[in-house]
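Working notes, structure below.
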Amino acid sequence: MAVDARTKRRGSASVARALAASDVGTWEWHIADDVLRCDAAAASMLGVPQARGDRGATFALFLDRIHPEDQRRIGTLVDDLRRNGGLYIAQYRTVPEPGDVRWVLARGRFGQNEDGVVSEARGIVIDVTESSRDGFLDEAAFSVTDASVGGSTGWPNSRWPCSLRRRPACPGWASNG
């Protein structure tokens with residue numbers, strides 16, 4: 001079944017509106033040429049230039065915009081993913097401008113090419129500044145809507161002090177047994 005160009009444009013515009021309404025940005029990093037391309041939302045959260053054609057930011061600039069207390073952890077995570085590939089989830093602080101600290105929740109995948117070499121990464125970043133307290137996701141920001149329709153009443157703990165990449169090791173996580 002073929003999809004005409006007009007339908008594709010409407011679909012893309014709809015996705016872009018949904019992402020913008022949710023404070024979600026998208027990014028991709030072509031590792032060989034070290035070009036990090038971000039849409040406007042991700043660029044704003046990360047403090048890097050928005051992609052324009054073949055131009056983007058570098059990984060060094062991205063890492064420089066991460067809060068100094070989070071740089072080593074995120075740098076180590078990225079080094080591991082560059083060697084092995086795979087899916088990741090991480091929460092960290094960025095400093096897009098002096099004095100402006102943002103909390104972001106990032107999810108992405110580092111993919112391997114046909115030779116097994118990690119060649120690119122893609123993902124999303126979500127600005128969770130308003131729903132974070134001191135680096136912990138605030139249960140109230142997530143549970144009100146879900147509980148109001150009969151869902152979960154919140155996270156197992158009111159503060160979730162663990163890496164989302166290793167959820168099973170978190171206190172109170174259901175799979176901890």
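- Asp80 has its side chain out of reach of Thr76: every pair of non-hydrogen atoms, C-beta onward, lies at least 4.5 Å apart.
- Partners of Arg72 by side-chain hydrogen bond (donor to acceptor under 3.5 Å, both in side chains), not counting sequence neighbours: none found.
- A distance of 12.0 Å separates CG in Leu63 from OG1 in Thr94, rounded to the nearest 0.5 Å.
- Residues meeting the side chain to side chain contact (heavy atoms under 4.5 Å, CB included) test with Gln50, sequence neighbours left out: Ala40, Ala43, Arg52.
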Check against side chain to side chain contact (heavy atoms under 4.5 Å, CB included), Arg82 and Ile31: CA-CA 9 Å; Arg82 284 182 69 176; Ile31 296 170; 3.5 Å; yes
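- Closest of all the heavy-atom pairs between Val118 and Leu81 is CG2-O, 3.6 Å.
- Applying the side chain to side chain contact (heavy atoms under 4.5 Å, CB included) rule to Thr26 yields the partners Leu19, Asp39, Ile124; only residues at least two apart in sequence or on another chain are considered.
- Residues Val35 and Thr58 fail the side-chain proximity criterion, which asks for heavy atoms closer than 4.5 Å.
- Considering only heavy atoms from C-beta on, Arg107 stays 4.5 Å or farther from Ile126 through its side chain.
- Residues passing the salt bridge (charged side-chain N to carboxylate O under 4.0 Å, His left out) test with Arg122 are Glu28, Glu120, sequence neighbours excluded.
- Residues Asn84 and Phe110 have side chains not in contact (no heavy-atom distance under 4.5 Å, counting atoms from C-beta outward).
- In the hydrophobic clustering of ILVMFWY residues, with side-chain heavy atoms under 4.5 Å counting as a link, Val95 and Val125 come out apart.
- With sequence neighbours excluded, the residues that form a side chain to side chain contact (heavy atoms under 4.5 Å, CB included) with Asp70 are Ile66, His67, Arg73, Tyr92, Arg93.
- Under the side chain to side chain contact (heavy atoms under 4.5 Å, CB included) criterion, Asn113 pairs with Asp115, Val117, Ser119, not counting sequence neighbours.
- Contacts of Gln71 classified as side-chain hydrogen bond (donor to acceptor under 3.5 Å, both in side chains), with partners at least two apart in sequence or in another chain: none.
- Counting only heavy atoms from C-beta outward, the side chains of Pro96 and Leu46 never approach each other to under 4.5 Å.
- Applying the ring pair (Phe, Tyr, Trp, His ring centres under 6.0 Å) criterion to Trp29, with sequence neighbours excluded, gives Phe59.
- In terms of the side-chain hydrogen bond (donor to acceptor under 3.5 Å, both in side chains) criterion, Asp100 has no residue partners (sequence neighbours excluded).
- Here the shortest heavy-atom pairing between Tyr88 and Ala106 reads OH-CB, 3.8 Å.
- Panel note: side chain Arg65, backbone Gly47; a donor-acceptor pair is recorded below 3.5 Å.
- Distance check, rounded to the nearest 0.5 Å: CG of Asp127 to CZ of Arg102 gives 4.0 Å.
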